[in-house]
Amino acid sequence: MATDRILIVGAGPTGSLLALGLAQQGFQVLLIDQQARPDLVERSRAYALTHSSRRLLQRLNLWEQLHQFSSPFDSLRLDDRVLGLTAWFRRGDLRSGNRRFESIGWILDHKPLMAELLDQLDSNALVELHFNADEVSCRHFQQQADWIVAADGAYSTLRKSRAMTFWTHAYQQGCMTAKVSLEGAQERCAYELFRAEGPMAVLPLGGSDYQVVWSAPLQHCRQRTQLQPQQLLQQLAAILPSGLRPTALLDRPGAFPLELSLAPRLNSSNLLLVGESGHRCHPVGGQGLNLCWRDVSDLLDLTASKRINGSLPAHLGRLYSWRRLTDLIGVLISTDLLIRLFSNRQPLMLPMRFLIIKLLAHARWIRRISLSAMTDGPGTLWSRLPEYEQRIARHGDQQRSPTPAEPRSTQFSSAKNGAE
Ligand SMILES: Cc1cc2nc3c(=O)[nH]c(=O)nc-3n(C[C@H](O)[C@H](O)[C@H](O)COP(=O)(O)OP(=O)(O)OC[C@H]3O[C@@H](n4cnc5c(N)ncnc54)[C@H](O)[C@@H]3O)c2cc1C
């Protein structure tokens with residue numbers, strides 16, 4: 001039986017995870033990236049993972065390995081620094097399906113994540129990996145593929161090559177990320193601080209190490225990356241809640257622009273946009289990578305359920321695009337509203353902000369709805385958590401996967417002839 005051959009362009013966290021999921025379902029996957037393997041692994045970044053990402057990693061049997069490198073947090077402190085008000089989210093505010101886990105979320109460093117993903121891909125007989133891929137080889141592989149997935153990030157050349165509609169709005173704000181040592185922080189606590197120049201997240205990396213994600217006008221972010229470590233730490237100390245004291249800078253800070261963008265159609269013929277090639281949002285609430293991974297999860301649901309004799313139906317792209325729309329629009333609009341509402345000192349906005357923080361501080365059901373939207377996605381608010389459905393989905397995937405995996409000799413470039 002010939003299975004569809006899938007080319008994934010971009011081996012970032014989204015492309016790599018999708019490659020693994022598709023190979024686990026028995027598809028032949030070629031994963032290519034323009035970067036060299038060490039450069040792909042060596043980025044200095046940390047991601048805040050939500051329960052939707054935890055579920056996907058569990059489903060792909062990666063959770064046990066990655067969990068040991070992650071730092072869980074079981075409380076989230078939300079401050080309006082203009083009004084001086086605070087609301088706390090705790091584990092008890094999670095929906096019941098998530099509450100049996102030890103945390104609200106986890107912070108995972110890019111390096112162990114990518115190292116584990118690439119190791120797993122190396123040992124899967126249905127996956128071929130190509131690094132340092134140039135445009136010529138990319139075009140060559142596209143001709144051999146039944147399906148092409150663009151996981152090549154926000155500036156996707158594949159999306160541009162098909163002239164797909166892409167709406168984008170550049171925020172006035174940029175973002176500076178830095179790893180720092182902090183004294184005085186509450187254990188296993190993450191902070192989201194709404195400030196007039198933009199939100200700031202302080203995320204626990206384990207011990208006294210924290211990742212700071214500091215949104216502000218892009219020019220200010222860039223200037224801050226040029227400061228001497230002591231000057232930067234002083235500026236940080238001046239705006240953190242009292243009691244928190246930064247003591248050392250642990251990496252080289254980086255600044256990058258922020259955008260709100262969406263491809264309203266995530267498919268064009270046999271091309272699918274997955275991850276940041278199809279959408280991008282403000283990092284407030286740590287939604288970015290989780291949203292990308294929900295693309296992966298939904299696409300894997302479809303490839304598992306719609307496959308007939310190893311082939312995927314021609315309308316797969318349309319189904320995928322429709323399925324993702326509510327979640328994407330929900331997250332993009334809600335993160336944008338948060339920025340519009342909280343990144344200013346406008347007197348007309350303050351009563352609304354006062355009300356929101358007070359409600360969050362005092363009404364558990366509001367915290368539960370907000371946390372559920374953040375951690376599971378807004379689309380799950382009125383439905384049962386996928387937790388219950390996963391056992392069925394997993395069972396279905398296993399039934400459909402060919403066992404044992406085909407040998408390495410079924411290489412992507414020669415597979416079609418060999419398999420047929
Ligand atoms: C500078 C920066 C810092 C960030 N810091 C954080 C952070 O601290 N915390 C956080 O949660 N999020 C952070 N983000 C956002 C986060 O990195 C993204 O949400 C996440 O990386 C999206 O994953 P992805 O796999 O869709 O895209 P990417 O990670 O961008 O991966 C795209 C991959 O495609 C490859 N590629 C691109 N074009 C081609 C091509 N033509 N051919 C072959 N390969 C190609 C690239 O080399 C890359 O490996 C940051 C983003 C940026 C830009």
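Ligands are counted one by one from 1 in listed order, and the atoms in each one are counted from 1 as well.
Residue-level proximity to ligand 1 for T177 is carried by the side chain, the only part with a heavy atom below 4.0 angstrom. At a 4.0 Å heavy-atom cut-off, ligand 1 touches T157 through the side chain alone. The residue V274 has no part lying near ligand 1, judged by heavy-atom distances below 4.0 Å. For M176, no heavy-atom contact with ligand 1 is shorter than 4.0 Å. Using a 4.0 Å cut-off between heavy atoms, A133 makes no contact with ligand 1 at all. Residue A46 touches ligand 1 through its backbone alone, judged by heavy-atom distances below 4.0 Å.
Atom 50 (C) of ligand 1 has F256 CZ, 3.5 Å as its closest protein atom, hydrogens excluded (heavy atom only). The nearest protein atom to atom 35 (C) of ligand 1, hydrogens excluded, is given as D33 OD2, 3.2 Å; this is a heavy-atom distance. Looking only at protein heavy atoms, the nearest one to atom 13 (C) of ligand 1 is R45 CD, 4.1 Å. Protein heavy atom in closest approach to atom 29 (O) of ligand 1: R43 NH1, 2.9 Å. Given atom 23 (O) of ligand 1, the protein heavy atom at minimum distance is T14 OG1, 3.5 Å. Among protein heavy atoms, the minimum distance from atom 30 (O) of ligand 1 is reached at G153 CA, 3.9 Å. Counting protein heavy atoms only, atom 42 (N) of ligand 1 is closest to V9 CG1, 3.5 Å.
Applying the ring pair (Phe, Tyr, Trp, His ring centres under 6.0 Å) criterion to H220, with sequence neighbours excluded, gives no partner residue. Every residue meeting the salt bridge (Lys or Arg N to Asp or Glu O under 4.0 Å) condition with R195, not counting sequence neighbours, appears here in chain and number order: E197.
Which of K179, Q211, Q34 comes nearest to atom 8 (O) of ligand 1 through a heavy atom is settled by distance: it is Q211. Distances from atom 32 (C) of ligand 1 to the heavy atoms of G278, A151, G10 put A151 nearest. The heavy atom nearest to atom 12 (N) of ligand 1, considering only W293, F131, Y47, is found in Y47. Of all the listed residues (D152, L289, L158), D152 holds the heavy atom that lies closest to atom 37 (C) of ligand 1.
Here the straight-line distance linking atom CZ of R95 with atom CZ of R99 works out to 10.0 Å at 0.5 Å rounding.
Residue E276 has at least one N or O atom closer than 3.5 Å to an N or O atom of ligand 1. In terms of polar-atom proximity, defined here as any N/O pair under 3.5 Å, S277 makes no such contact with ligand 1. Considering backbone and side-chain N/O of R280, none are found under 3.5 Å from N/O of ligand 1.
At a 4.0 Å cut-off, not a single heavy atom of H110 sits close enough to ligand 1 to count as contact. Residue-ligand proximity: G254 is placed with every non-hydrogen atom at 4.0 Å or more from ligand 1. In this structure, P13 is part of the shell of residues with a heavy atom less than 4.0 angstrom from ligand 1. The shortest heavy-atom distance from E135 to ligand 1 is not under 4.0 Å.
Side-chain atoms of Q120 and E116 include a donor-acceptor pair closer than 3.5 Å.
Classified by interplanar angle (parallel below 30°, tilted 30° to 60°, perpendicular above 60°), the ring pair H130/F141 is tilted.
Within a 6.0 Å sphere centred on CD of Q68, heavy atoms belonging to other residues, nucleotides or ligands number more than 12. Atom CZ of R318 is surrounded by 12 or fewer heavy atoms from other residues, nucleotides or ligands within 6.0 Å. Q172 CD: 12 or fewer foreign heavy atoms inside a 6.0 Å radius.
Near L40, meaning under 4.0 Å from one of its heavy atoms, ligand 1 places the atoms 49 (O). Ligand-side atoms of ligand 1 in range of G275: 26 (O), range being under 4.0 angstrom from any heavy atom. Each of the atoms 46 (C), 47 (O), 48 (C), 49 (O) of ligand 1 lies under 4.0 Å from some heavy atom of Q35. Every atom of ligand 1 with a heavy atom of G12 under 4.0 Å away is listed here by number and element: 25 (O), 31 (O), 33 (C), 49 (O).
Of the possible donor and acceptor atoms, one in the side chain of R368 sits under 3.5 Å from a partner among the backbone N and O of G92. Checked by atom type and distance alone, the side chain of Y320 pairs as donor or acceptor with a backbone atom of L273 at under 3.5 Å. Here the side chain of D93 pairs a donor or acceptor atom with the backbone of R90 at under 3.5 angstrom. For D109 (side chain) and L205 (main-chain N/O), no donor-acceptor pair under 3.5 Å exists by modelled atom type.
With respect to the salt-bridge test (charged N to carboxylate O, under 4.0 angstrom), the residues R324 and D298 qualify. A salt bridge is absent between D376 and R294: the closest approach of a Lys/Arg side-chain nitrogen to an acidic carboxylate oxygen does not fall below 4.0 angstrom.
Between H279 and W167, the distance separating the two ring centers is not shorter than 6.0 angstrom.
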Audit row: H67, F69, ring pair (Phe, Tyr, Trp, His ring centres under 6.0 Å) steps and yes/no
CA-CA 5 Å; H67 184 235; F69 298 111; over 10 Å; no
